[in-house]
Amino acid sequence: MSTHSEQFVAHLQGFDRRALAVLRHSLAFAPGSDTRAFPYVERFAGAAVHEHDARRLALYAVAALFARHPQQAGRSFATAFGELLSRRSTPREPNKSIEGRFIALLGADAENIVDYLRQAVSLLSAEDLGFDYARLLDDLSRWLNPRFDPSDLRQRWARDFYRAAQAAFADATNE
């Protein structure tokens, strides 16, 4: 995890309700296109970065997602989502809807990953499950980079998800 990402999340944690509302509203736009979010994010993008740079877009996306659910925790996004599956599953049957949403998210490309993440963060918010936004920023910077193949990242997210969700699946098979 980069120091820059950690500094950015610390910056987000210092925002008041008004700033978070502006950033939350920016979820209705493509990352980096809501001009009202510029004062909160652009200083971290760097002067030499062009408007469609993957890191810049990831900064805007993570700022908006954080504003939607400002709960930082020491687990990865995928681990938190796996815990969501465990919480929303019965002892006899894992919640296929949650698992299906995660699989769809893993299949997302750079064009729609932020939409899938927005929906996933809303579900995590409903269960008060926070995650490591700095790590998400680093991961999303890679995912949005057209020169990067996100296969390894998808596999890591899948491992984190299924390890965290293992209890839900173990309960279903032990019945």
Can you list the residues that meet the salt bridge (Lys or Arg N to Asp or Glu O under 4.0 Å) rule with [X], with sequence neighbours excluded?
{"X": "R55", "value": "D138"}
{"X": "R43", "value": "none"}
{"X": "D160", "value": "R135"}
{"X": "E127", "value": "R87, R88"}

Look at the aromatic rings of [X] and [Y] and report parallel, tilted or perpendicular, splitting at 30° and 60°.
{"X": "H69", "Y": "F131", "result": "tilted"}
{"X": "F66", "Y": "Y133", "result": "perpendicular"}
{"X": "H52", "Y": "H50", "result": "tilted"}

Applying side chain to side chain contact (heavy atoms under 4.5 Å, CB included) to T79 and F161, what does each step give before you reach the verdict?
CA-CA 5 Å; T79 298; F161 174 80; over 6 Å; no

Heavy-atom pair of closest approach, residues [X] and [Y]:
{"X": "L129", "Y": "R75", "value": "CD2-NH2, 3.5 Å"}
{"X": "A165", "Y": "S86", "value": "CA-OG, 3.6 Å"}
{"X": "F102", "Y": "A158", "value": "CE2-CA, 4.1 Å"}
{"X": "N95", "Y": "L85", "value": "O-CD1, 3.0 Å"}
{"X": "A67", "Y": "P70", "value": "O-CD, 3.8 Å"}

Run the side chain to side chain contact (heavy atoms under 4.5 Å, CB included) test on R56 and E51 for me, step by step, so that the C-alpha distance in whole Å, both residues' side-chain angles and the decisive distance to 0.1 Å come before the verdict.
CA-CA 7 Å; R56 181 178 180 275; E51 66 187 64; 4.1 Å; yes

Could you walk me through whether Q155 and L106 satisfy the side chain to side chain contact (heavy atoms under 4.5 Å, CB included) test, starting with their C-alpha distance in whole Å, then the side-chain angles of each, then the deciding distance to 0.1 Å, before giving a yes or no?
CA-CA 9 Å; Q155 289 176 9; L106 289 180; over 6 Å; no

Could you work out, with side chain to side chain contact (heavy atoms under 4.5 Å, CB included) as the rule, every residue matching R18, not counting sequence neighbours?
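Only D16, V22, Y40 meet the side chain to side chain contact (heavy atoms under 4.5 Å, CB included) criterion with R18.
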
For V41, all residues meeting side chain to side chain contact (heavy atoms under 4.5 Å, CB included), sequence neighbours excluded:
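With neighbours one apart ignored, the set is F8, L23, L59, Y60, A63.
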
Using the benzene-type ring in the case of Trp, are the ring centres of F148 and W143 under 6.0 Å apart?
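Centroid distance F148-W143: not below 6.0 Å, so no.
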
Does the side chain of R36 pick up a donor-acceptor pair with the side chain of S26 at under 3.5 Å?
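Their side chains do not contain a donor-acceptor pair, so the 3.5 Å distance test is not met.
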
For the residue pair Y162 and E99, confirm or rule out a side-chain donor-acceptor distance under 3.5 Å.
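Result is yes, a qualifying pair exists.
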
Report the C-alpha distance between R142 and D152 in whole Å, list the side-chain angles of each, state the deciding distance to 0.1 Å, and finish with yes or no for salt bridge (charged side-chain N to carboxylate O under 4.0 Å, His left out).
CA-CA 11 Å; R142 293 172 55 207; D152 290 344; 5.7 Å; no

